[in-house]
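Both backbone and side-chain heavy atoms feed into the values below; hydrogens, waters and symmetry mates do not. Chain naming here is simple, since letters A, B, ... match the order of the sequence lines and numbering starts at 1 in each. None of the values given here were measured: they were computed from a predicted structure.
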Number of protein chains: 2
Amino acid sequence: MSEVDRVIHEPARLLIVALLSGAKEADFLFLQRETNLTKGNLSSHLMKLEEANYIEIEKTFRGKIPLTLVRLTEDGRAAFQSYRKTMNGLLR
Amino acid sequence: MSEVDRVIHEPARLLIVALLSGAKEADFLFLQRETNLTKGNLSSHLMKLEEANYIEIEKTFRGKIPLTLVRLTEDGRAAFQSYRKTMNGLLR
DNA sequence: GCAGACCAGTCTGTACTACAAACCAGTCTT
DNA sequence: AAGACTGGTTTGTAGTACAGACTGGTCTGC
């Protein structure tokens with residue numbers, strides 16, 4: 001019945017989603033510092049979240065230095081909400 | 001900082017632990033029906049939980065048919081409590 | 001001008017692990 | 001004797017998290 005969303009359930013991605021749910025958007029470096037993930041891992045986790053259509057990734061520039069902005073989509077926000085529901089059910 | 005306990009985090013085991021936390025003990029068949037796991041999987045998840053010292057497994061007999069009873073240890077109860085804490089922190 | 005650090009990746013290799021399915025051993029029912 | 005039930009163990013596979021190496025461009029210091 002109550003299936004757990006594996007995309008969000010993974011601790012690293014759960015942290016990312018939780019961080020994003022509290023802000024409008026976040027940049028790559030901020031996420032890396034908060035999650036303590038290597039660049040490679042953070043990048044691949046963001047890819048997974050993007051493939052699931054849970055986040056949007058906007059690649060721009062701060063001057064001429066690359067700047068990657070990440071924000072939750074509506075789908076992502078809904079999925080997180082639903083995840084919280086099922087988790088609270090299990091942890092009650 | 002706030003590390004997630006992977007032993008409990010796995011959805012199948014989380015369900016098992018949650019079920020056990022609500023009862024003194026449960027038998028193998030009950031857990032299998034509630035979790036929808038195959039015997040093999042349930043067995044190996046129980047092994048993982050036992051290795052972590054989160055549950056006790058008592059093998060007895062109902063007449064002459066094997067009966068496997070499972071219950072949370074103090075460690076298991078504490079770990080679940082701590083897991084709930086960190087999760088609630090992330091989901092808040 | 002060039003080494004080194006910073007930004008944001010991709011790619012590769014490894015080690016783990018969840019899961020299904022097959023097999024096993026004994027018991028009870030028909 | 002056949003089949004279903006109890007509660008497992010073993011095996012094989014596919015997925016995946018993670019670290020670390022490599023890439024490419026930019027900026028900083030000497």
Check: How would nucleotides 21-30 of chain C be written as a contact map, 5' to 3', with B for base contact, S for sugar-phosphate-only contact and - for no contact, using protein heavy atoms under 4.0 Å?
Finding: B-----SS--
Next item on the list: Take atom CZ of A:Phe61 and atom P of D:dC27, then tell me their distance rounded to the nearest Å.
Entry: 10 Å
Note to self: Strictly by salt bridge (charged side-chain N to carboxylate O under 4.0 Å, His left out), give each pair with a member in residues 16-25 of chain B just once, sequence neighbours left out.
What the structure shows: B:Glu25-B:Arg71
Next item on the list: Please report, rounded to the nearest Å, how far the P atom of C:dC19 is from the CG atom of B:Leu37.
Entry: 7 Å
Margin query: Expected output is a numbered-order residue list: members of residues 9-26 of chain B with a heavy atom under 4.0 Å from any atom of DNA chain C. What is it?
Written below: B:Glu10, B:Ala12, B:Arg13
Note to self: Does anything in residues 75-92 of chain A form a salt bridge (charged side-chain N to carboxylate O under 4.0 Å, His left out)? List the pairs, not counting sequence neighbours.
What the structure shows: none
Note to self: For A:Asp27, is there any backbone N or O sitting under 3.5 Å from a side-chain donor or acceptor partner on A:Thr68?
What the structure shows: no
Item checked: Approximate separation, where rounding is to 0.5 Å, of B:Leu14 CG and B:Ile8 CD1 -> 8.0 Å
Notebook entry, point to check: What pairs meet the ring-ring contact (aromatic ring centres under 6.0 Å, His included) rule with one or both residues in residues 27-56 of chain B, with sequence neighbours excluded?
Noted result: none
Next item on the list: Go through residues 43-53 of chain B and report each residue with a non-hydrogen atom lying under 4.0 Å from DNA chain C, sorted by number.
Entry: B:His45, B:Lys48
Next item on the list: Using whole Å, report how far CG of B:Leu69 lies from C1' of D:dG7.
Entry: 12 Å
Margin query: Under the salt bridge (charged side-chain N to carboxylate O under 4.0 Å, His left out) definition, can you give me all pairs with a residue in residues 31-51 of chain A, not counting sequence neighbours?
Written below: none
Next item on the list: Please name all residues satisfying side-chain hydrogen bond (donor to acceptor under 3.5 Å, both in side chains) with B:Asn41, sequence neighbours left out, ordered by chain then number.
Entry: B:Thr38
Notebook entry, point to check: Can you check whether A:Leu31's main-chain N or O pairs, donor with acceptor, with A:Thr35's side chain at less than 3.5 Å?
Noted result: yes
Notebook entry, point to check: Do side-chain atoms of A:Thr60 reach the backbone of A:Leu67 as a donor and acceptor pair under 3.5 angstrom?
Noted result: yes
Notebook entry, point to check: Rounding to a whole Å, what distance do you find between A:Asn36:CG and D:dA19:C1'?
Noted result: 14 Å
Notebook entry, point to check: Quick one: CG on B:Leu72 to CD1 on B:Ile55, what's the gap to the nearest 0.5 Å?
Noted result: 8.0 Å
Provide a list of protein-nucleic acid N or O atom pairs under 3.5 angstrom, restricted to nucleotides 12-16 of chain C.
none

Notebook entry, point to check: Has A:Arg6 got a side-chain N or O lying under 4.0 Å from the OP1 or OP2 atom of C:dC19?
Noted result: yes
Margin query: Could you work out, with side-chain hydrogen bond (donor to acceptor under 3.5 Å, both in side chains) as the rule, every residue matching B:Ser21, not counting sequence neighbours?
Written below: none
Next item on the list: For A:Leu42, answer base if it contacts any base atom (sugar-phosphate contacts may also be present), sugar-phosphate if it contacts only those atoms, and nothing otherwise; contact means non-hydrogen atoms under 4.0 Å.
Entry: nothing
Notebook entry, point to check: Touch check for B:Leu29, heavy atoms < 4.0 angstrom, all strands: base, sugar-phosphate only, or nothing?
Noted result: sugar-phosphate
Notebook entry, point to check: Which whole-number value in Å describes the distance from A:Gln32 CD to C:dC6 P?
Noted result: 12 Å
Next item on the list: Please identify each residue that fulfils side-chain hydrogen bond (donor to acceptor under 3.5 Å, both in side chains) with B:His9, with sequence neighbours left out.
Entry: A:His9, B:Tyr83
Next item on the list: May I have all residue pairs that pass salt bridge (charged side-chain N to carboxylate O under 4.0 Å, His left out) and include part of residues 4-18 of chain A, sequence neighbours excluded?
Entry: A:Arg6-B:Glu10, A:Glu10-B:Arg6
